[in-house]
Visitor: 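Got a structure for you, written out below as structure tokens; questions coming shortly.
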Amino acid sequence: MAISFSLQGRRALVTGANTGIGQAIAVALAEAGADVALAGRSDPTETLALIAKTGREALNIKADLSSIEPVERVMAEAEAGLGPIDILVNNAGIIRREDLLRFSEADWDAVIDTNLKTLFFLSQAAARGMAERGSGKIVNIASLLTFQGGIRVPSYAAAKSGVGGVTKAMANELAPMGVQVNAIAPGYIATNNTAALQADETRSRQILERIPAGRWGDPADIAGAAVFLASSASDYVTGQVLAVDGGWLAR
Ligand code: NAP
């Protein structure tokens, strides 16, 4: 069997793709041949234009993923617009920074709900069709905080650690049905999510000094791993969390 990274004829759904890592992944999936539905709360105007340039179809689905309320509608709109969804990328996520001793219940719930609860239930909704068809790929965006505790981000560390667990749990039950579930743990990537860290001179320098690659990551650095995990080249890979971190975890 020839190894193929092509996504020709596949249909993907990517959450939070108006900017940052989600945008880079959505465009890379289209460049690899997939039609792509984008689900999020902000208009993904730039992403739609970038996908149009690849000649693939793009579909915008407006959805606030801070609760599971829109989950069934998102799946229904994606499948009505593009056809059965073969690839789901759970990318949408938020972070709340505060000292541990002052951390609020609101900042706990908001991050767990968006980053973990919606990720699970959207995956469940997508997996039903994938299991029925006997094939599918789910790619969750985890974090270095799937492995580490971080500083001033306890709900984010809890949610992303949960993403690692749920990735393995889903992988185990879905493997016999031909569906692979993996995660990508991005290192420090220059996006809105890390704007506060980039702006803090001391933290930014400390982070940079610890990255063996000697630079912050770019959203495009994550795209290759996403295409691999969405393609048939990874058919025997499941339940993994792949760090794309310039060597951070190896140090
Ligand atoms: P970003 O630029 O802030 O992008 C986050 C995306 O999630 C945006 O599209 C955002 O939409 C969307 N989103 C957030 N809350 C949402 C909601 N309630 N409903 C719908 N969409 C929502 O940050 P990013 O770095 O690209 O983050 C993407 C993923 O990578 C996140 O899961 C993040 O935790 C993870 N990650 C990032 C890094 C990093 O260093 N940057 C490292 C590890 C993991 P809006 O634009 O409308 O807010």
Side-chain angles (χ1 to χ4, degrees), residues 13-28 36-48 60-71 73-74 88-97 106-107 109-123 139-151 153 155-164 166-167 183-200 203-204 207-208 210-211 213 215-223 225-226 241-246 248-249:
L13 170 61
V14 183
T15 65
N18 57 302
T19 183
I21 292 170
Q23 178 180 76
I25 290 175
V27 174
V36 189
L38 316 170
R41 61 185 174 183
S42 301
D43 281 336
T45 317
E46 197 179 77
T47 313
L48 290 170
N60 178 24
I61 302 171
K62 193 94 170 167
D64 179 350
L65 301 170
S66 61
S67 83
I68 65 169
E69 181 275 325
V71 159
R73 175 180 61 80
V74 167
L88 168 66
V89 181
N90 282 302
N91 166 79
I94 56 169
I95 193 161
R96 297 281 168 87
R97 300 176 198 278
D107 282 347
D109 288 345
V111 175
I112 297 287
D113 285 352
T114 303
N115 294 16
L116 183 58
K117 187 173 178 182
T118 298
L119 174 144
F120 174 72
F121 284 100
L122 188 58
S123 299
V139 181
N140 295 322
I141 303 305
S143 167
L144 296 178
L145 300 197
T146 302
F147 307 103
Q148 303 178 308
I151 299 168
V153 287
S155 61
Y156 189 82
K160 294 296 188 178
S161 296
V163 169
V166 124
T167 297
I184 297 170
Y188 285 86
I189 312 295
T191 67
N192 298 336
N193 173 289
T194 51
L197 292 181
Q198 295 170 67
D200 180 334
R203 285 281 285 133
S204 177
I207 287 166
L208 198 56
R210 196 196 181 284
I211 302 173
R215 65 171 177 87
W216 280 65
D218 183 83
D221 286 314
I222 306 304
V241 184
L242 172 58
V244 182
D245 65 352
W248 176 281
L249 286 179

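The figures here come from the full heavy-atom set of this structure, side chains too, leaving out hydrogens, waters and symmetry mates. Note that the structure is a prediction, hence the values are computed from the model and not measured. Just follow the structure's listing: the first ligand is 1, and inside any ligand the first atom is 1. Counting from 1, the numbers follow the sequence of the chain as shown.
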Visitor: How far apart are the C-alpha atoms of Leu145 and Val153, what are their side-chain angles, what is the distance that settles it, and do they pass the side-chain contact (heavy atoms from CB on, under 4.5 Å) test?
Guide: CA-CA 9 Å; Leu145 300 197; Val153 287; 3.4 Å; yes
Visitor: Considering only non-hydrogen protein atoms, determine which one is nearest to atom 37 (C) of ligand 1 and report residue, atom name and distance to 0.1 Å.
Guide: Ile21 CD1, 3.6 Å
Visitor: Rounded to the nearest 0.5 Å, what's the gap from CG on Asn18 to OG on Ser42? Could you check?
Guide: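 Atom-to-atom, Asn18:CG and Ser42:OG are 4.5 Å apart.
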Visitor: Identify, for atom 18 (N) of ligand 1, the protein heavy atom at the shortest distance, and state residue, atom and that distance.
Guide: Asp64 OD1, 2.9 Å
Visitor: Rounded to the nearest 0.5 Å, what's the gap from CD1 on Ile21 to CG on Asp221? Could you check?
Guide: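 That separation rounds to 9.5 Å.
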Visitor: For atom 6 (C) of ligand 1, what is the nearest protein heavy atom, given as residue, atom name and distance?
Guide: Gly16 O, 3.8 Å
Visitor: Give the numbers and elements of all ligand 1 atoms closer than 4.0 Å to a heavy atom of Tyr156.
Guide: 33 (C), 34 (O), 35 (C), 36 (N), 43 (C), 44 (C)
Visitor: Would you mind checking if Asp109 and Lys117 are paired as a salt bridge, meaning a charged N to carboxylate O distance below 4.0 Å?
Guide: no
Visitor: Does the side chain of Arg210 reach to within under 4.5 Å of the side chain of Trp248, using non-hydrogen atoms?
Guide: yes
Visitor: Quick test of your reading of the structure: of Arg41, Lys62, Gln198, whose heavy atom lies closest to atom 16 (C) of ligand 1?
Guide: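 It is Arg41 that holds the nearest heavy atom.
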Visitor: Considering only the protein, which heavy-atom contact is closest to atom 5 (C) of ligand 1, and what is its distance?
Guide: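 Scanning the protein heavy atoms, the shortest distance from atom 5 (C) of ligand 1 goes to Gly93 O, 3.6 Å.
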Visitor: Give the numbers and elements of all ligand 1 atoms closer than 4.0 Å to a heavy atom of Ser66.
Guide: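 Those qualifying, in numeric order: 18 (N).
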Visitor: When you look for heavy atoms under 4.0 Å from ligand 1, do you find them on the side chain of Ala63, its backbone, both, or neither?
Guide: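 The answer is the backbone.
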Visitor: What protein heavy atom lies closest to atom 42 (C) of ligand 1? Include the residue and the distance to one decimal.
Guide: Gly187 O, 3.2 Å
Visitor: Does any non-hydrogen side-chain atom of Val241 lie less than 4.5 Å from one of Phe147?
Guide: yes
Visitor: Identify which of Thr191, Asn192, Thr19 has a heavy atom lying nearest to atom 41 (N) of ligand 1.
Guide: Thr191
Visitor: Nearest to atom 11 (O) of ligand 1, what protein heavy atom do you find, and at what distance?
Guide: Asn18 OD1, 3.5 Å
Visitor: I need the atoms of ligand 1 closer than 4.0 Å to a non-hydrogen atom of Ile94, numbered in the order shown.
Guide: 14 (C), 15 (N)
Visitor: Run the numbers for me: atoms of ligand 1, each under 4.0 Å from some heavy atom of Ser42, listed by number.
Guide: 45 (P), 46 (O), 47 (O)
Visitor: Restricting to salt bridge (charged side-chain N to carboxylate O under 4.0 Å, His left out), what partner residues turn up for Arg41, sequence neighbours left out?
Guide: none
Visitor: Out of Asn90, Ile189, Thr47, whose heavy atom is nearest to atom 39 (C) of ligand 1?
Guide: Ile189
Visitor: More than 12 non-hydrogen atoms from neighbouring residues, nucleotides or ligands closer than 6.0 Å to CD on Gln148, yes or no?
Guide: yes
Visitor: Salt-bridge test for Lys62 and Asp43: reply yes if a basic N is under 4.0 Å from a carboxylate O, no otherwise.
Guide: yes
Visitor: Any idea which of Asn115, Ile141, Asp43, Asn91 brings a heavy atom closest to atom 31 (C) of ligand 1?
Guide: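 The residue whose heavy atom sits nearest atom 31 (C) of ligand 1 is Asn91.
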Visitor: Considering heavy atoms of the protein only, find what lies nearest to atom 23 (O) of ligand 1 and give residue, atom and distance to 0.1 Å.
Guide: Asn193 CB, 3.2 Å
Visitor: About how many Å separate CG of Asn90 and CD1 of Ile184, when rounded to the nearest 0.5 Å?
Guide: 11.5 Å
Visitor: May I ask you to identify, for Ala142, whether its side chain, its backbone, both or neither come under 4.0 Å of ligand 1 on a heavy-atom basis?
Guide: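 For Ala142, only backbone atoms sit under 4.0 Å from ligand 1.
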Visitor: Under 4.0 Å from a heavy atom of Gly20: give me the atoms of ligand 1 that qualify, with their elements.
Guide: 26 (O)
Visitor: Please confirm whether Lys160 comes under 4.0 Å of ligand 1, counting heavy atoms of the residue only.
Guide: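 Flag set, Lys160 near ligand 1.
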Visitor: Looking only at protein heavy atoms, which one is nearest to atom 19 (N) of ligand 1, and what is the separation?
Guide: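 Checking every protein heavy atom, the shortest distance to atom 19 (N) of ligand 1 gives Leu65 N, 2.8 Å.
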Visitor: Can Thr47 and Gln23 be said to form a side chain to side chain donor-acceptor pair (under 3.5 Å), step by step?
Guide: CA-CA 6 Å; Thr47 313; Gln23 178 180 76; 3.0 Å; yes
Visitor: Which ligand 1 atoms, with their elements, are less than 4.0 angstrom from a heavy-atom of Pro186?
Guide: 42 (C), 43 (C), 44 (C)
Visitor: Name the residue from Thr191, Ile189, Leu197 that meets the side-chain contact (heavy atoms from CB on, under 4.5 Å) definition with Trp216.
Guide: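 Exactly one candidate clears the test, Leu197.
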Visitor: Considering only heavy atoms of Thr194, which atoms of ligand 1 have at least one such atom less than 4.0 Å away?
Guide: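 Listed by number with element, the hits are 39 (C), 40 (O), 41 (N).
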Visitor: Can you find a pair of side-chain heavy atoms, one from Asn140 and one from Ser123, that are under 4.5 Å apart?
Guide: yes
Visitor: Can you tell me if Thr167 uses its side chain to pair, donor with acceptor, with the backbone of Val163 under 3.5 Å?
Guide: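 Yes, Thr167 side chain to Val163 backbone: donor-acceptor pair under 3.5 Å.
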Visitor: Output the list of atoms in ligand 1 that are nearer than 4.0 Å to some heavy atom of Tyr188, sorted by atom number.
Guide: 40 (O)
